[in-house]
Structures are given as structure tokens and as C-alpha cells.
Amino acid sequence: MSDSVTITIDGRNIEARPGQTILEAADAAGIYIPRLCSHPDLKPIGSCRVCTVVVDGRPQAACVKPVMDGMVVQNSTPELLQHRRNIVDMMFVEGNHFCMFCEKSGNCELQAMAYRFGITAPQYPFQFPEKEVDASHPDILLDHNRCIMCARCVRASQELDGKNVFQSIGRGFARKIGVNGERALGDTDMAATDKAADICPVGCIVRKRVGFEKPIGQRLYDTRPIGSDIEEVRA
Amino acid sequence: MSKPRVATTSLAGCFGCHMSLLDIDDRILQLIDLVEFDRSPVDDIKHISQRCAIGLVEGGCCNEENVHVLEEFRANCDVLISFGDCATMGGIPAMRNNIPLEECIDEAYRSGPTVYNPQGIVPDDPEIPLLLDKVYPAHEVVKIDYCLPGCPPSADTLWAALTALLSGQPIELPYELLKYD
């Protein structure tokens, strides 16, 4: 069996290793496929669907779809860009995202995705749902208003920390991140040293007392769009 | 040819976006060469006097007066721009949106920790605009042509948008000028 397969992404031939996902192969080739729930240290679950690409005519989540020889992948079609924009718009209106006072602002992947897509305002009506803030843990804040249900914290706690602090609970619009404790995060075995404390793409799980450390202009996405680091591989 | 007219207003906002407009510094001299200000807090004209090329709306709608002003702007401006996070997304005033209105009023006028109001009177003078059930971003009330987010949008963002429009170009912000904070 060959140790290399060839796929095309937007007409460009890419060498990939069998077993790689489309997303991993694209990253290695310097092609950025936008994603939110995917994280290089975690098993992919294809939950947010921002990484949707069209594979041989069918939409697929690039983070979970393995490469196969001869695959034809479309990444940057107007339809896919619109589809991704729609998802990001929905995340903005389904939560309460107040960027102006959020300590994650400037380092937030959801916000950075909206910047990259050039979103000036969501196209859907704001829902302003009622959500809770869990400040019970001495070192970590859990603000459900900002959650996008990517489940990175769930996976990081299990896969990286060997714990089981977070779980998705509920269904549909009522779905949320629950904690494995008597009442709140402070009752769990979550520690400030946990990988799960730093894995949140948005400001839902943040460390206390370190917010606004970096001034505006020096934050992660102030001047460089998200994905620039991946695209530079190609340059 | 007469100069294009610009109207501006602050609805449910904090005037910070207007401060940011003033923050274009000496470019304001170029701006007043380029445009004539119609209704605006800058000149205190109370109603739009004639057709305007550009309307700038800061803040969303939290009461019926905001809606009336916004409708006046939409009816009289060729291009209507909402600027700032309050106008584009609801912003800080929209933090009341998941609290029932009665609870908000109770906290503000009856039971807040710094309130002295032994008779429990809630202002209800007919002169006072009625509150809406929620705070709405401008584009959920009337059609908005361009949104310029930011808290506030930087002076450079506003300058880039205005100069683009005044030279007949669509607003296309470079990456650094599109920010939500």
C-alpha cells in the first residue's frame, strides 16, 4: 500500500498521508479550512460544521473525513463561504456575545472568524437567550453566555486531563455544557493546571485575574486574520 | 453643486461613537469642507431639514422615540449606516434583553440598592418615551445599508467609511478596521 495519496483542493494537487483527515492534509499544504470545534490536540467530532467542504460533490466535515486517493475537494466556493458565514452568524445570535467587555476579545476564535469573513453584523435576529454564569471555581470562570457548544472542553478534560469535568447536556436550543459536580464548577476536580482551562475558543471558559493582559493592538487576531499561520506554510 | 448632507444621531448609545467621530482630529476640517451637517448632536438641529446623502445612527432602539428617530433617518437618508456595537448588535443596553422589563424597572426605580423611593413611584409622564420590550439593533427595525461595528468604531474606521461613500465607492474595510471592541 502506498504511503501517500493525492487529493485536489480547489484544483490544487495535495500530497497526503493515508489516515490523515482532509483538514490535516490541507493544514500541512498551507491551505486554511476555517474551523472552530477542531483542535490539533483533540480528537475531531465534526460538531460545528464550519469546516464543511464539498468532497466529490457531497458536503463533508473536513475535520473528520479521511483522505482517499483521487478525492476532489472544494474549499473556497461562494456557496461554502456563505454556508460558513451563516453558521458563524447563528452562533452570534444564539448566544450573548458582548465583545466590548469580554476578556477573550482579540484572542477569540469566533470573533476572529467573523473578522475573517468580513461580518459587520449577523443577518439573523438576535435571540438574547437567558444563560448562566458560573463563577464558583476560584481560578476559572464558566460563562454560558459565550458558549458555542464546540465541546472542546469536554474532550480536553477527558483526553488530555484524564478527568471528566464537562459534558454536553440537554437537547436543541437548551443544550449546554454541564459540569460533573454537586452544583457548579467549583465542586468539580477541575484544576487551574488543566488543559481544559485553556482550550475554549471563545470566552466561555477563561482564567480569572488574567483578563485584558495584552493591550489592544497586540492580541492574537488584532492585525492578522485567523488561519494566517497555516497559510504562511504555503507562502 | 451643493455639498452632500450628513445627518447623525445617537439612540440607545453612550455617545462614544460620536466621540470617535470627533476623534478623526484635524481631518474634521476636511470633513466640513466635504459635507454639510444636517440633524446631528454636533449642531443640535432637531429634525432633518432636507434630503441627506448619508445618515449615521449610533445606538439601537430601546424606546419608541428611538424608533421614530430611526424611521425619520431611514425616510430621509440615501445611505443609512449603523455604527457601533449598540446599533449593530444591541450592545450594552441589550444586556437587559434576557431580564423581564418589569424586573428592570423595579431594580432601577424601586428596589435598587441606591434607590430612595418610599412611595415606589415609577416615572410614567406621557413625555417620557415608552420602553420597548427589548433593545433592538437598528437593522432589526429599518433597512440599514452598512454596519460599522466597534465599541466604538475607530476614528480611522469612520473616516475610511465616510471617504469611501463620499467618493462614490462602496465601504470595504481593511482587516484592521473591522473590530467588535
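Protein chains get the first letters and strands the later ones, always in sequence-line order, with residue 1 at the start of each.
- Heavy-atom distances place no part of B:A87 under 4.5 Å from chain A, backbone and side chain included.
- Around CD of A:E182, the count of heavy atoms belonging to other residues, nucleotides or ligands within 6.0 Å does not exceed 12.
- More than 12 non-hydrogen atoms from other residues, nucleotides or ligands lie less than 6.0 angstrom from CZ of A:R209.
- Taking a cutoff of 4.0 Å between a charged side-chain nitrogen and a carboxylate oxygen, B:D181 and A:R219 qualify as a salt bridge.
- Around NZ of A:K208, the count of heavy atoms belonging to other residues, nucleotides or ligands within 6.0 Å exceeds 12.
- Looking only at heavy-atom pairs under 4.5 Å with chain A, the residue among B:P174, B:A94, B:G150, B:G90 that has the most is B:A94.
- Between A:N96 and B:N98 there is a side-chain heavy-atom pair separated by less than 4.5 Å.
- A cation-pi geometry, defined here as NZ or CZ lying under 6.0 Å from the six-membered ring centre and within 45° of its normal, holds between B:K179 and A:Y115.
- For a residue to count as touching a neighbouring chain, one of its non-hydrogen atoms must lie under 4.5 Å from one of that chain's; by this rule B:I144 does not touch chain A.
- Nearest heavy atoms, A:P122 versus B:M89: CD-CG, 4.4 Å.
- With a 4.5 Å cut-off on non-hydrogen atoms, B:E176 touches chain A through its backbone and its side chain both.
- Between B:G91 and A:M100, the shortest heavy-atom contact is CA-CE, 3.7 Å.
- Shortest non-hydrogen contact noted between A:T120 and B:C147 is CB-O, 3.2 Å.
- Two rings, from B:Y175 and A:Y221, have their centers 6.0 Å or more apart.
- In terms of non-hydrogen atom pairs under 4.5 Å with chain B, the most contact-rich of A:G106, A:A114, A:C102 is A:A114.
- Not a single salt bridge (Lys or Arg N to Asp or Glu O under 4.0 Å) links A:D10 to another residue, sequence neighbours left out.
- Across A:E130, A:K131, A:Q127, the residue that shares the most heavy-atom pairs under 4.5 angstrom with chain B is A:E130.
- Looking at A:F98, the atoms closer than 4.5 Å to chain B (heavy atoms on both sides) all sit in the side chain, from C-beta outward.
- At a threshold of 4.5 Å between non-hydrogen side-chain atoms, the residues A:F126 and B:P137 count as touching.
- For A:Q123, no part lies near chain B; criterion is any non-hydrogen pair under 4.5 Å.
- By the 4.5 Å heavy-atom criterion applied to side chains, A:Y124 and B:E140 are not counted as neighbours.
- Interface remark: A:D222 contributes backbone and side-chain atoms alike to the contact with chain B (heavy atom separation under 4.5 Å).
- The side-chain heavy atoms of A:F128 and B:I99, taken from C-beta on, include no pair separated by under 4.5 Å.
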